[in-house]
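The next block holds one structure in the form of structure tokens; read it before the comments.
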Amino acid sequence: MESTAVKNSADVDELTRLNDHFIEACRQGSWEMLSQILSDDFAYLDGNTGATMERGPYSEALGPAPTLTIDQVVVHVSGDTGLVSARSSAQPGRYARYLDSYERRENGWVCVHACVWRGLPNMD
């Protein structure tokens, strides 16, 4: 039987890979890439305005962000739920924070929800 520590390590590795995939899709503005990891029932919440979007409108709002960088990545796994948060920046000195929620389903992990808070001060 696989230990919880090994399972969590593999899950953290997979969620880290999916996070990198998500960020690269945003850099490229590639809906084709992003749609590979989003669930059909994906939803987005703008942390500043409270506005929400379903998968369709979210795909239309996606544009390339080639200078997007991330750091302070944290991955938390609890059962079949995975949370990935990080600080992001597309311009030096201007930061956002995001939290993406993943669910383990029959075919693996999928992102079911994302939330971004923009315009945050530098919090090292």
Side-chain angles (χ1 to χ4, degrees):
M1 183 157 109
E2 184 179 35
S3 76
T4 302
V6 171
K7 183 176 182 182
N8 277 341
S9 175
D11 290 337
V12 168
D13 290 348
E14 178 62 6
L15 289 167
T16 299
R17 186 192 70 74
L18 290 170
N19 182 64
D20 291 342
H21 183 105
F22 197 126
I23 295 301
E24 186 57 32
C26 290
R27 285 184 187 121
Q28 294 182 29
S30 173
W31 177 245
E32 184 179 330
M33 279 182 72
L34 193 54
S35 67
Q36 296 169 6
I37 64 171
L38 299 185
S39 67
D40 289 339
D41 56 348
F42 173 83
Y44 171 79
L45 170 66
D46 183 309
N48 289 24
T49 68
T52 60
M53 280 188 237
E54 299 298 322
R55 182 180 162 118
Y58 183 78
S59 71
E60 295 166 9
L62 182 66
T67 61
L68 182 63
T69 62
I70 62 168
D71 64 3
Q72 300 178 359
V73 177
V74 176
V75 177
H76 177 77
V77 178
S78 180
D80 291 333
T81 302
L83 303 172
V84 180
S85 64
R87 181 176 72 166
S88 63
S89 178
Q91 297 176 338
R94 297 189 63 173
Y95 297 96
R97 209 50 64 202
Y98 67 84
L99 175 64
D100 296 339
S101 303
Y102 289 82
E103 181 180 25
R104 185 193 334 260
R105 295 191 178 168
E106 189 174 299
N107 294 323
W109 291 100
V110 292
C111 186
V112 296
H113 192 270
C115 183
V116 176
W117 296 266
R118 289 177 174 64
L120 299 176
N122 181 3
M123 296 187 279
D124 284 326

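For the atom pair CD1 of I23 and CG of L34, the computed distance is 9.5 Å after rounding to the nearest 0.5 Å. For the atom pair CG of D11 and OG1 of T16, the computed distance is 10.5 Å after rounding to the nearest 0.5 Å. D20 contributes atom CG, which lies 11.0 Å from atom CG of L15 (distance to the nearest 0.5 angstrom). Distance OG/S85 to CD/Q72: 9.0 Å, rounded to 0.5 Å.
Looking only at distances, no side-chain donor or acceptor of S30 sits under 3.5 Å from a matching main-chain atom of A25.
Partners of R27 under the salt bridge (charged side-chain N to carboxylate O under 4.0 Å, His left out) rule, at least two apart in sequence or in another chain, are E24. Qualifying ring-ring contact (aromatic ring centres under 6.0 Å, His included) partners for F22, counting only residues two or more places apart in sequence or in other chains: none. Qualifying side chain to side chain contact (heavy atoms under 4.5 Å, CB included) partners for S101, counting only residues two or more places apart in sequence or in other chains: L83, V112, H113. Applying the side chain to side chain donor-acceptor pair (under 3.5 Å) criterion to Q91, with sequence neighbours excluded, gives R94. Here D46 pairs with nothing under the salt bridge (charged side-chain N to carboxylate O under 4.0 Å, His left out) rule; sequence neighbours left out.
Taking every heavy atom of both residues into account, V73 and A86 meet most closely at CG2-CB, 3.7 Å.
Between L68 and S88, the closest side-chain pair of non-hydrogen atoms falls below 4.5 Å.
Using a 4.5 Å cut-off between side-chain heavy atoms of Ile, Leu, Val, Met, Phe, Trp and Tyr, with links allowed through other members, V84 and M33 fall into different hydrophobic clusters.
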Between side-chain atoms of residues 51-62 and protein atoms elsewhere (two or more places apart, or another chain), which donor-acceptor pairs fall under 3.5 Å?
from	atom 1	to	atom 2	distance (Å)
R55	NH1	L38	O	2.8
R55	NH1	S39	O	3.0
S59	OG	G56	O	2.6

Decide yes or no on side-chain contact (heavy atoms from CB on, under 4.5 Å) for W109 and I37, but give the supporting numbers first.
CA-CA 8 Å; W109 291 100; I37 64 171; over 6 Å; no
Under the salt bridge (charged side-chain N to carboxylate O under 4.0 Å, His left out) rule, what do D41 and R105 come out as? Steps first, then yes or no, please.
CA-CA 13 Å; D41 56 348; R105 295 191 178 168; 3.2 Å; yes
Would N19 and Y98 satisfy side-chain contact (heavy atoms from CB on, under 4.5 Å), going step by step from the backbone distance to the final call?
CA-CA 11 Å; N19 182 64; Y98 67 84; 2.8 Å; yes
Test L99 against W117 for side-chain contact (heavy atoms from CB on, under 4.5 Å), laying out the working first.
CA-CA 9 Å; L99 175 64; W117 296 266; 4.0 Å; yes
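Side-chain contact of Y95 with D71: a donor-acceptor pair under 3.5 Å is absent, judged by distance alone.
Hydrophobic side-chain contacts under 4.5 Å tie V74 to no other Ile, Leu, Val, Met, Phe, Trp or Tyr residue.
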